[in-house]
Every structure is written in structure tokens, then in C-alpha cells.
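Heavy atoms only: backbone and side chains are in, while hydrogens, waters and symmetry mates are out. Throughout, a chain's letter reflects where its sequence line sits, starting with A, and its residues are numbered from 1. Just so it is clear, the structure is predicted and the values come from calculations on it, not from any experiment.
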Number of protein chains: 4
Amino acid sequence: MEFFNFFNRPKISLKSIQAIIFDFDGVFTDNKVIVDEDGKESVTCNRADGLGIRMFHAKGIPLLILSTETNPVVAQRAKKLVLDVIQGIEDKKAALLIYCQENRIDPQNIMYIGNDVNDYEVMGIVGYPVAPKDAHPKICRIAKLVLSKKGGQGVIKDLAEKLINS
Amino acid sequence: MEFFNFFNRPKISLKSIQAIIFDFDGVFTDNKVIVDEDGKESVTCNRADGLGIRMFHAKGIPLLILSTETNPVVAQRAKKLVLDVIQGIEDKKAALLIYCQENRIDPQNIMYIGNDVNDYEVMGIVGYPVAPKDAHPKICRIAKLVLSKKGGQGVIKDLAEKLINS
Amino acid sequence: MEFFNFFNRPKISLKSIQAIIFDFDGVFTDNKVIVDEDGKESVTCNRADGLGIRMFHAKGIPLLILSTETNPVVAQRAKKLVLDVIQGIEDKKAALLIYCQENRIDPQNIMYIGNDVNDYEVMGIVGYPVAPKDAHPKICRIAKLVLSKKGGQGVIKDLAEKLINS
Amino acid sequence: MEFFNFFNRPKISLKSIQAIIFDFDGVFTDNKVIVDEDGKESVTCNRADGLGIRMFHAKGIPLLILSTETNPVVAQRAKKLVLDVIQGIEDKKAALLIYCQENRIDPQNIMYIGNDVNDYEVMGIVGYPVAPKDAHPKICRIAKLVLSKKGGQGVIKDLAEKLINS
């Protein structure tokens, strides 16, 4: 059994997690977007997260990006990291419940990493809500785990090390 | 009535604000510009501001970007966020007065968010001058509200939370 | 007469400065370069410097960028800011001496802003060597003025305010 | 003989180093990658490292980039800086041993600069493992030298100054 502790927060065992779902902006990125003169967008990701995702893949844990916006940048990054992605859904909570039903997973066995108020509802129904260090205070308050990395600084790698190596 | 307080600065009621006008560079961005070999420009915005703008839209408050430069990047970001924009005006104060006349708004009911000395004059004639945390000292001194976020770190979201949620 | 003081460094009068010469990387920028898959380069500049340059232009002070590399990005930024630029010179000191001869300026009346060891020699022959806050320690030691801004954070605007407004 | 000291770590003589091998991401860069809507990647490098590389070239020390990923950005940056690069190798340790054999160098005379856990093994077999200031704690622990610069802030220039100037 793999455990870790974070201050007085409850211990989390990797065995009880059946899928990890990520918000994209503010988790894989610093929540910023580069906009050029043609309106083309770019975002800044972290190479460390590629290693983190490989660590989860090696453990066979399903990973998924859940993003409100339909955004080509998210699709491109997901493709590179070999990650599934659900995009263009207005209601994240509803989308997660459908995902759980289709994959026969109890939301109590879902870990969700989100950073802003639009993640608040969905984080309220999963068993393991997680926040990057610089998430909105409201999000940090409901998180069972607040990571030691800010969005875009290697949040997924940090999570992988906390869940897998300890 | 919605109020908030900031140190010993006067309380601001959302009801007395008939429009919020934003400078672009240094407010939506960190005042930086990425320049490539062809002279093409890009700027770095914050996803959080998209949420902030939706909060203001939900309250029905008119929002406007007022920018000295005629800049395709500003137009593109404004389009994405469904914001009106007035560009290519040398004299911001004159442009604001025309806007007020056309929309029959007293400048005393205008909130203006600016960051540098070229915003000084226009901020002197509105009722609610507001500055990002890292604005020029001259601007911070005349601001009725200095935000807790720097330009590009989610200034508009911060403002929305201060005006709407509290 | 316009003066300013910086710790115990000598006062600088704008009247004794006949031209201001800038290194580009590390002064207009944070010394970083964005490289894409095709080798195309971009750099990050600061909008504030545009205001600073206008302040110097209004005072009629000649401004010049002196860059070792022949770099399209430098040319593009200079064009936008209406600045002269000399590029592709291996020996900055020699280039500056030629510039002084052609314009009949005594190097003692030149202000030069540089950030790294390849500016060391040229900064030794001008009357007013200036360094951004994050310049190389060797450069800071020979500078008559160390600015309060780092490269790319508005070094030229900071200089303009120190020389013109005080 | 050129020496330097770093806290209580062993002194390093440039004479005993026959080649310096660099990991790319997190050494030349801040470990971040900019991704656009087409999946095109860019990274942020530091102009100071160009000076550092010239310092090593002047001393005639062979330099090499060793990168797991086959990445056009790495190739472009290497080309600009006139650096050799070996890309697309899964096993860095094996690649380094082949390099040593082909060039008849004892790994004990190799300096290797790496930042993350995938550099751990290869850093265990070289004589001079070096880490940027913000490398993974595991990497810092096995490094004979931890630099005073973070990845992308001029790591190579810092190393050149420590090895050559002191």
C-alpha cells in the first residue's frame, strides 16, 4: 500500500484511485495564454509533467483531461502526452458523472485536479479533490491535497511523486 | 447593495458603476510584448480574466477596452472575450468623454483600470480609478482601489470577485 | 538643470549627455530568446519602454541600439520604436568610437546601457555607463548608475524617469 | 591549473574534464515548453549561454547535448550555438558510454549537467555530475556541483565562469 501525508489531511492510497482527471488551464499551465495578432493561442506547459504522466501510465491508472473550452492547444498537448481529453463541455460535473457511469467508476474513487471556481462543483463530488499550490482559495479549502507546485511548474509530476514514490 | 472595503479607501457599490473601462497592456497583460523576427507581436493574457468578464456580463455591466495603439492583438483578445474595444486614440481622456456623452453616462459613474502614466489624466476624471498591484506609483496614488493582482495575473477576475462576491 | 542621485554615485545631468546607446538583449529584454521548431527567434520586450523612448525623443536626445548579432528581432523592435540600430559588429568599442567620430561626440558625453561581460570594454570608455538591476556583477561595479529595473522590466522607462522627471 | 570551490564540495580542475555533456530541457531552458494550436513547440533559452559556450569553445573543450526526445527545437538551438547533439535515445547512460568509447574518454573525465530523475543513472557514472540550482532534489544530492543559476537563467554561462575564470 502506498500512502502519503500532507499536514493533517487524510492519507491517500493509490489503490483506491481508479482514474485521475485533470483540468487543463492552471494545472498543466500557469493559467496564462499567449495571443498573437491573428488570435492564435499558445500555452506554456512543463516537460516534468511528461515524466509524471509516464509514471502514472506505468501504474496503469487511467488519466483524462476535462476542459470546458474546445481548444486546439489542449488537444495538441493531450496528443503529445498520450492522454484522453473531453472538451467543449459546459457542465464539468455532468460530464464527470457520465464518464463514471460509462466506466463503472464510483466518483468516490476519482481524483480530480482543478484550480479555479469553475472546478468547485465537480470537486465536491469526487473522493479525491486536489489543488495546485496557486489554486483559488475556495478550491484549496475543499482540496484533500494541496500540491507543492503551482500550475505549469510540474503539478502532475509532483502528484506522481507524492502518490507513487512515497 | 454590494460593498467592499480596501484598507481605508472608500467603499465602492457596484450599483453606482455604469461602465467599466480597461486599459489593455499592463491590465490584461504583464505589460510585455513578444516580438518575432517578422515584427509580429504576441501578448500573454490570463484565463482567469475570462471568468471575471463572464461575472460582469452576468450582472449586465458594460465593459470596454480603451487602447492608444491600434493593435491586432487587442482586437483578437477582445473578440474572444466578447468585449467592446476603442483603439487608435491618442487622447484617452477625450475618447472617454465622447463615450460618456454617447452613452449618457456621468464620468463619475465610470470605473477605469489603468497601469501607467498615460492613464493618469483619464483616471483623474472618472469616479472610480482602479490600479493593478504593479501599476506605476503615480497611478496607485490616485487609485480608489489598488488590486491584489499584478497586470496579467487575473486583474479582471480579482476586480469581479471584489465587486460582486463580497 | 536636471539632476538625480543614486546612493553615493555621482549626479548625472541630462545636459551633458549627447546620445544614449543601448545594448539590446538584457536591456530591452530579460536576455531570453524563444526558439521555435524552425529556429525562428522571438524576444519579450516591455510596453513601458515605448513610453520611455517617447520621453527621450521629446527631449531631442539621440538614441541608438548597438548589437553584436545581426538579428531580425532587434531590427523589428527598433523599427516599431523608431530607434536607430547598428548590428552585426563584433567589436562594440570600435563601433562606438566610429559613431562618436561621425557625430562629433566626445565618448565622455555618451551614456551606454549594457548588461553583460561583452559590454565591459565599451562601458569603460563612455562617460556614463549604466546597468540594469540584474546585470553581471562586473558590469554593475563599473556602472555610474544601476537602475531599479531588471532587463525587460522597463529599463528605458526607468532611466527616462530618473533623468527627466527628477 | 584552474580550480574552484563550492561549499565543502570537491574542487574541480578544468584540465581533468575532457568533454561536457548537457541535458537540454531544464538546463538550456526553464523546463517549459510553449505549445501552439498546431502542436508546434517553442522553448525559452538564454542569450548568456551563448557567451558561456564561446568561453568553452575558446578553451577547446568538446561540448555535447544529449536529449532523450527527438526534438527539432533542440536541433535548432544546437545549430545556432554550434553544438553537437545526440537525440532520440531512450537510454542516456548507454548513449554516453558509446560516446566515451568512440572518443576514447574515461567517463570519470566527463562532466554532465542534468536536472531531473531521468538524468539520475547517467549522472551516477560520470566523474563530474552537475545540477542547475532548481534541479530535482535527488539530482542535487548526487551532483558534485550545484550551480547558482536555475535552468534557462544562464546555467552554461555560470558554469563557464566557475570553471574558467576562477
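- Among Arg47(D), Arg54(D), Lys157(D), the single residue meeting the salt bridge (Lys or Arg N to Asp or Glu O under 4.0 Å) criterion with Asp116(C) is Lys157(D).
- To the nearest 0.5 Å, the span separating CD1 on Ile139(C) from CG on Asp134(C) amounts to 12.0 Å.
- Contacts with chain C were tallied for Gly154(D), Pro72(D), Gly152(D); Pro72(D) has the most, counting heavy-atom pairs under 4.5 Å.
- The contact between Lys40(D) and chain C is made by backbone and side chain atoms together, counting heavy-atom distances below 4.5 Å.
- Classification of Asp30(D) and Lys150(D) as a salt-bridged pair fails, no side-chain N sitting under 4.0 Å from a carboxylate O.
- Proximity to chain D is absent for every atom of Asn115(C), based on heavy atoms less than 4.5 angstrom apart.
- Interface residue Asn31(C): backbone and side-chain heavy atoms are both found under 4.5 Å from chain D.
- Contact detail for Val27(C) and Pro132(C): the closest heavy-atom pair is CG2-CG, 4.2 Å.
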